[in-house]
Amino acid sequence: MTAQLFSKAVLDWYEQYGRKNLPWQQQISPYRVWVSEIMLQQTQVTTVIPYFERFMQRFPDVFSLSTAKQDEVLHLWTGLGYYARGRNLHACAKTIVNEYNGLFPHSVEQLSELPGIGRSTAAAIASISMGIHAPILDGNVKRVLTRCFAVPGWPGDGQVQKRLWSLAEELTPNHSSRQYTQAMMDLGATLCTRSKPACGICPLQPQCLGLKTGNPTQFPNSKPKKAKPEKHTILIMISNPAGEYFLQQRPQQGIWGGLWSFPEGTDRQAARLMVQRLLPGTEALEQELPPFRHTFSHYHLHIQPVVFRLQRHLATVQETDNPNHCWYNPVSPDNIGLAAPVKMLLQQQSTEEYP
DNA sequence: AAGTCGGGGAT
DNA sequence: ATCCCAGACTT
């Protein structure tokens with residue numbers, strides 16, 4: 001089939017059935033599209049929507065974002081995951097303001113150089129918000145293309161990825177860039193879904209080679225799986241008589257980078273030593289909370305929370321050891337980023353103490 | 001090329 | 001329980 005036939009079928013379908021009411025499709029601007037694209041990386045639309053609304057309310061433009069504190073950016077990112085996205089977003093806003101006079105560059109190449117913006121995200125921003133001809137290759141497009149052309153292999157593989165980019169370039173029309181980009185995403189998100197695709201009403205049904213194989217959901221071929229390691233940690237929940245909890249800011253790199261979390265220990269004795277190192281001379285009542293398991297992309301984490309209730313409040317925190325600590329009050333919380341399990345535990349504790 | 005980065009929705 | 005989602009970045 002010709003590229004024109006493909007893009008016409010896709011564009012005609014979009015005109016009639018595409019999504020046009022998503023929050024970032026209103027008052028379209030490079031800023032709004034950029035924020036939405038970053039949030040949507042590896043994250044489903046329904047999850048993103050409330051985060052996007054809150055973010056736009058607080059940071060309506062790139063200038064307000066560029067002067068924000070990182071803590072406040074990560075606060076609005078709490079629960080969304082992949083926190084490097086939030087840190088990169090913040091850094092990118094500073095670059096746009098300081099080096100581009102607050103205006104996003106109008107080329108895929110320049111956009112790709114900005115932190116957190118790769119080839120596909122750059123193309124999405126360029127095509128949707130600027131009408132620039134630029135092929136994208138996100139999860140939706142990968143699914144549509146691997147099915148329509150029965151492309152074998154896992155899309156993460158280099159050779160497969162190369163072929164998919166080449167297909168995407170070949171099929172993307174020189175006109176209607178915004179509509180075509182949005183159309184491919186919509187097709188993948190609403191019809192050509194991971195399971196139970198609606199092939200019966202798909203505009204590409206006549207030429208879909210994946211459907212002709214009788215099992216279109218075999219495409220894209222699944223990622224070779226690998227067992228996730230199991231790790232353990234004790235979360236040390238130190239509380240003072242005021243009902244506040246001791247939190248530390250995690251290093252920028254690594255898991256939960258830049259977020260605030262409880263001190264940790266490998267075992268119960270190490271936890272006690274940690275409490276004494278942080279707050280020398282304190283006496284605390286220990287209370288074990290129910291353990292639970294938290295799953296990341298690449299490992300499982302068994303979490304054992306232990307509350308250390310201080311009998312008297314000591315203000316002698318070892319400043320040299322812990323320059324980044326705070327006493328967090330769940331009743332009047334600070335605008336800082338919290339790891340999801342930390343947020344859950346804090347909420348759980350505060351609702352138990354003040355039912 | 002493989003590993004690192006989250007959390008939640010769908011199944 | 002597993003899989004995967006509008007991926008980018010580091011090693």
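Please read these numbers as outputs of a predicted model, since none were measured by experiment. Below, chain A is the first sequence line, B the second, and so on; all start at residue 1.
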ask   = Are the side chain of N240(A) and the backbone N or O of E244(A) linked by a donor-acceptor pair below 3.5 Å?
value =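 Present.
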
Hey, does [X] reach any base, or is it just sugar-phosphate, or nothing, if we go heavy atoms under 4.0 Å?
X	result
F296(A)	sugar-phosphate
L22(A)	base
W77(A)	nothing

ask   = Looking at the side chain of S195(A), which of dT11(B), dG9(B), dA6(C) is the nearest nucleotide?
value =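 Selected nucleotide: dT11(B).
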
message = From the set dG7(C), dG9(B), dG7(B), return the single nucleotide nearest to any side-chain atom of A340(A).
response =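 Within the option list, the nearest is dG7(B).
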
request  = Consider only side-chain heavy atoms of I, L, V, M, F, W and Y, link residues closer than 4.5 Å, and tell whether M184(A) and L211(A) are in one cluster.
outcome  =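 M184(A) and L211(A): separate clusters.
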
ask   = If we take the C1' atom in both dG6(B) and dC4(C), what is their distance in whole Å?
value =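 Per the computed distance, 13 Å lies between those C1' atoms.
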
key: Pairwise P distance, dT11(B) and dA6(C) [rounded to whole Å]   =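 Each nucleotide's P atom is 13 Å from the other's.
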
ask   = Can you find an N or O donor on one side and an acceptor on the other, under 3.5 Å apart, linking the side chain of R19(A) with the base of dA6(C)?
value =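 Check passes, donor-acceptor contact within cut-off.
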
query = Considering only heavy atoms and no angle criterion, is a donor-acceptor pair shorter than 3.5 Å present between the side chain of S297(A) and the base of dG7(B)?
reply =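 Checked by distance alone, the answer is no.
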
ask   = Do E169(A) and K162(A) sit within salt-bridge range, that is, some charged N less than 4.0 Å from a carboxylate O?
value =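 Looking at K162(A) together with E169(A), the answer is no, because their closest N to O distance does not fall below 4.0 Å.
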
